[in-house]
Amino acid sequence: MSAAGRARPPQLRRAFYARPSVEVAPELLNKVLVLGACRGRIVEVEAYLGPDDPASHAHRGPTRRNATMFGPAGHLYVYFTYGMHWCANVVCGRPGEGTAVLLRALAPLEGLDAMRARRPAARRDRDLCNGPAKLAQALGIDGRLDGADLTARPGSGEVAAGPVVTIVDGGTPPPDDPVVTTRIGISRAIELPLRWYVRGEPHVSRR
DNA sequence: ACCGGGATGTTCT
DNA sequence: GAACATCCCGGTG
């Protein structure tokens, strides 16, 4: 195969994201988040359901903070919490629905030196990305990436160099038997089984 | 191992 | 004022 013909990893398209977050979430497991030189396999996610979900930022309808959630699918919703942490979601569904998937943990694949530099508190590499704010810090995700289009095509549009952040198929399919549990760190709708992670995976935030 | 508390600032009641 | 889709550190067992 020629160098020019060598396919880059297939980027997830808009149609992948434009479905209910409960469908998208488990299928994001084992996909690869790419940001600059850093790559990590998604191993833990949570679904948030929109205005009817009391635990969702969308619960009270659109605001300035959550505006991205109510936009088109396939964009990154990045929010600030606890006065110091950023977390990243993938917007799902149809415009106006306000549904998203929270990225909770990655298994680091590439760019570990950069991750370690941004996460001095991580004693072991398994602590680099095993939490939603940890992975954001490791990859350098902050409010500047809120609204970023994960489906932007390389070499098209305003960004000649391609998307700043995207998700690709790394070749590993989603697990047939993911662990499904209740969501973490919320105080409402705590009983719903909307958290998925890869069974046996050491890089999850909690067992 | 587990547990408790502090950090830090935006958003909402 | 209180809550917050969290993390880190320092205690004890």
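Lettering follows sequence order; numbering is per chain, from 1.
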A.B. asks: Do Y48(A) and F16(A) belong to the same hydrophobic cluster, where Ile, Leu, Val, Met, Phe, Trp and Tyr are linked whenever their side-chain heavy atoms lie under 4.5 Å apart, directly or via other members?
C.D. replies: no

A.B. asks: For E46(A) and I184(A), indicate whether the former's side chain and the latter's backbone hold a donor-acceptor pair under 3.5 Å.
C.D. replies: yes

A.B. asks: Looking only at non-hydrogen atoms, find the nearest pair between K31(A) and P174(A) and report the distance.
C.D. replies: NZ-CG, 3.8 Å

A.B. asks: Rounded to the nearest 0.5 Å, how far does CD of E44(A) lie from CG of L135(A)?
C.D. replies: 9.5 Å

A.B. asks: Kindly say whether L128(A) contributes a backbone atom to a donor-acceptor pair with the side chain of R119(A) at under 3.5 angstrom?
C.D. replies: yes

A.B. asks: Can you check whether any acceptor in the base of dA7(B) is under 3.5 Å from a donor in the side chain of Y82(A), or vice versa?
C.D. replies: no

A.B. asks: Please give, in whole Å, the distance from dG9(B) C1' to M84(A) CE?
C.D. replies: 8 Å

A.B. asks: Can you tell me the base-pairing partner of dA2(C)? Count Watson-Crick or G-U wobble geometry only, both distances below 3.5 Å, and say none if there is no partner.
C.D. replies: dT11(B)

A.B. asks: May I ask you to verify if any side-chain N or O of R195(A) is less than 4.0 angstrom from the OP1 or OP2 atom of dA5(C)?
C.D. replies: no

A.B. asks: Atom CZ of R188(A) to atom P of dC4(C): distance rounded to whole Å?
C.D. replies: 6 Å

A.B. asks: Nearest-Å distance, CD1 (I186(A)) to C1' (dC4(C))?
C.D. replies: 12 Å

A.B. asks: Any idea which of dC8(C), dT10(B), dT6(C) is nearest the K134(A) side chain?
C.D. replies: dC8(C)

A.B. asks: Tell me which nucleotide among dC8(C), dA5(C), dG9(B) gets nearest to the side chain of A121(A).
C.D. replies: dC8(C)

A.B. asks: Rounded to the Å, how far apart are D146(A) CG and dT10(B) P?
C.D. replies: 15 Å

A.B. asks: Whether the side chain of Q137(A) engages the backbone of R118(A) through a donor-acceptor N/O pair (distance < 3.5 Å, no angle test) should be reported.
C.D. replies: yes

A.B. asks: Using the side chain to side chain contact (heavy atoms under 4.5 Å, CB included) rule, pick out the option among I167(A), V198(A), V32(A) that qualifies with I42(A).
C.D. replies: I167(A)

A.B. asks: Out of dC8(C), dT6(C), dA5(C), which nucleotide sits closest to the side chain of R119(A)?
C.D. replies: dC8(C)

A.B. asks: With rounding to the nearest 0.5 angstrom, report the CG to CG distance, L12(A) to L28(A).
C.D. replies: 7.0 Å

A.B. asks: So, is S187(A) close to the dA3(C) phosphate, meaning a side-chain N or O under 4.0 Å from OP1 or OP2?
C.D. replies: no

A.B. asks: Whole Å only: how far is the CH2 atom of W86(A) from the C1' atom of dT8(B)?
C.D. replies: 13 Å

A.B. asks: Ignoring hydrogens and angles, tell me if any N or O in the side chain of D125(A) forms a donor-acceptor pair with the backbone of P108(A) under 3.5 Å.
C.D. replies: no

A.B. asks: Can you check the H85(A) NE2 to dG6(B) P distance for me, whole Å?
C.D. replies: 16 Å

A.B. asks: For the C1' atoms, the ones on dA5(C) and on dC3(B), what distance do you get once it is rounded to whole angstrom?
C.D. replies: 22 Å

A.B. asks: Does a side-chain N or O from R64(A) land closer than 4.0 Å to OP1 or OP2 of dT10(B), or not?
C.D. replies: no

A.B. asks: Round to the nearest Å and state the distance from L102(A) atom CG to dT6(C) atom P.
C.D. replies: 7 Å

A.B. asks: Atom CG of D127(A) to atom C1' of dT6(C): distance rounded to whole Å?
C.D. replies: 14 Å

A.B. asks: Heavy atoms only: give me the nearest I141(A)-L35(A) pair and the separation to one decimal.
C.D. replies: CG1-CD1, 3.5 Å

A.B. asks: For residues 32-63 of chain A, which residues have at least one heavy atom under 4.0 Å from DNA chain B?
C.D. replies: R60(A), T63(A)

A.B. asks: Output a table of nitrogen or oxygen pairs between the protein and nucleotides 10-13 of chain C separated by less than 3.5 Å.
C.D. replies:
none

A.B. asks: In Å and rounded to the nearest 0.5 Å, what is the CG to CZ distance from L192(A) to R183(A)?
C.D. replies: 5.5 Å

A.B. asks: Give me the distances for all protein-to-nucleotides 1-5 of chain B N/O pairs that come in under 3.5 Å?
C.D. replies:
none

A.B. asks: Once the angle between the rings of Y77(A) and H57(A) is folded into 0 to 90°, is it parallel (under 30°), tilted (30 to 60°) or perpendicular (over 60°)?
C.D. replies: perpendicular

